[in-house]
Protein chains: 2
Amino acid sequence: MPASAARKHDVFQALADPTRRSMIRLLADGEMPVTAISGHYPISRTAVSKHLRVLAEAGLVKERKIGRETRYRLEPDPLLELKRWLSYFDRYWDNKLSALKRMVEAGGEDGEDGWGPAEWRKPKKDA
Amino acid sequence: MPASAARKHDVFQALADPTRRSMIRLLADGEMPVTAISGHYPISRTAVSKHLRVLAEAGLVKERKIGRETRYRLEPDPLLELKRWLSYFDRYWDNKLSALKRMVEAGGEDGEDGWGPAEWRKPKKDA
DNA sequence: TTGACATGAAACCCAAAGGTTTCGTAAAAT
DNA sequence: ATTTTACGAAACCTTTGGGTTTCATGTCAA
């Protein structure tokens with residue numbers, strides 16, 4: 001329910017920008033108001049604000065108004081999605097368990113992330 | 001070293017696109033020529049080709065020419081970079097020590113006068 | 001040799017992304 | 001009451017991104 005809210009931006013896209021990546025690291029140390037965050041970057045405060053909004057839309061940060069300031073804090077949950085996606089490739093690094101793992105995965109896990117519409121999945125009729 | 005080849009695109013950026021994400025999953029099942037890959041997507045073969053190049057520049061795939069066709073195969077190494085980056089946040093869901101850490105962080109942060117952390121320094125001159 | 005197949009390169013389009021500046025407004029501070 | 005401070009919204013600009021179509025080239029098949 002709460003975690004899987006309709007996110008306008010997906011986490012992959014949100015993390016594509018280095019500044020944004022840096023920001024969530026910054027926020028990993030705690031809540032911070034916009035101006036303070038802005039102090040860490042060579043871009044305008046407004047630009048920082050926009051980045052924060054993208055992060056918020058991806059569910060990676062959450063804001064909270066305190067008087068005239070808006071504090072942002074990290075919301076790490078969406079990163080799990082990334083982790084999960086990544087785990088698909090685990091077989092490449094940690095073999096050992098990979099055989100078993102693959103069997104388990106074969107049992108119906110069908111991540112819907114970047115798979116795109118099912119139409120794309122048509123069997124290859126090509127050569 | 002091979003792994004750290006000069007990558008024009010970083011892995012985060014490469015994975016930002018859902019089609020590209022899908023592609024490397026496709027290739028996880030084995031080497032494949034462009035036209036075959038192309039058969040899985042509703043876009044032109046040329047577009048697919050471009051995506052493949054982005055992936056290649058990020059080091060995520062490698063190409064190999066066989067006669068008149070070019071086969072692409074997954075090169076999962078760069079994903080480790082992602083994994084490593086992600087591990088920075090392990091403390092959030094991988095509790096134990098994090099509980100302590102959070103208590104420390106949370107110490108006295110309730111009152112709104114808590115302009116604590118020195119990291120919040122200098123407000124940069126607003127535009 | 002002639003022709004069909006596989007693929008990359010080029011030129012072009014349009015929408016989205018990242019920035020900036022300017023302005024408005026609400027909450028401190030004085 | 002007036003001025004600062006903190007911030008978002010809007011309008012605007014320029015670059016990048018994903019897509020397409022057309023063209024050129026190398027390779028396999030007849």
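Heavy atoms only: backbone and side chains are in, while hydrogens, waters and symmetry mates are out. Letters A, B, ... are given to chains in the order of the sequence lines, protein chains preceding strands, and every chain is numbered from 1.
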Inset, instruction - Just compare C:dA9, D:dG8, D:dC7 and give me whichever is closest to any side-chain atom of A:S49. - result: D:dG8
Inset, instruction - Compare all side-chain heavy atoms of B:M32 with those of B:Y72 and state whether any distance is below 4.5 angstrom. - result: no
Inset, instruction - Establish, with yes or no, whether the OP1 or OP2 oxygen of C:dT20 is under 4.0 angstrom from a side-chain nitrogen or oxygen of A:S44. - result: yes
Legend entry - Residues in salt bridge (charged side-chain N to carboxylate O under 4.0 Å, His left out) contact with A:K62, at least two apart in sequence or another chain: none
Legend entry - B:R45 to B:Y41 six-membered ring, cation-pi geometry met (6.0 Å, 45°): no
Legend entry - Given D:dA9, C:dG19, C:dG18, the nucleotide with the shortest approach to the side chain of A:I43: C:dG19
Inset, instruction - Measure the spacing between CG of B:L82 and CG of A:L86 and express it to the nearest 0.5 Å. - result: 5.5 Å
Legend entry - Position toward the 5' end of DNA chain D (nearest nucleotide), A:K50 or A:Y72: A:Y72
Inset, instruction - Measure from the side chain of A:T70, starting at C-beta and using heavy atoms only, and say which of C:dG8, D:dC7, C:dG19 lies closest. - result: D:dC7
Inset, instruction - Using a heavy-atom cut-off of under 4.0 Å over every strand shown, decide if A:E63 touches base, sugar-phosphate, or nothing. - result: nothing
Legend entry - Options C:dA17, D:dA6, D:dT20, nucleotide nearest the side-chain atoms of B:A47: D:dT20
Taking only N/O atoms, report every protein-nucleotides 2-5 of chain C pair under 3.5 Å with atom names and distance.
| residue | atom | partner | partner atom | Å |
| --- | --- | --- | --- | --- |
| C:dC5 | O4' | B:R68 | NH1 | 3.4 |
| C:dC5 | O2 | B:R68 | NH1 | 3.2 |

Legend entry - Set of residues satisfying salt bridge (charged side-chain N to carboxylate O under 4.0 Å, His left out) with respect to B:R53, sequence neighbours excluded: B:E57
Inset, instruction - Classify the side chain of A:R45 and the base of D:dG8 as holding, or not holding, a donor-acceptor pair under 3.5 Å. - result: yes
Inset, instruction - Look at B:Q13 and D:dT16 and indicate whether a side-chain polar atom (N or O) is within less than 4.0 Å of OP1 or OP2. - result: no
Legend entry - Flag side-chain contact, heavy atom, 4.5 Å: A:R25 against B:F89: yes
Legend entry - Straight-line distance of A:L74 CG to A:L79 CG, nearest 0.5 Å: 7.0 Å
Legend entry - Short side-chain N/O contact from A:H51 to OP1 or OP2 of C:dG19, under 4.0 Å: yes
Inset, instruction - Indicate, with a heavy-atom threshold strictly under 4.0 Å, whether B:R71 touches base, sugar-phosphate, or nothing. - result: nothing
Legend entry - Closest to the B:T46 side chain, choosing from C:dA17, C:dA9, D:dA9: C:dA9
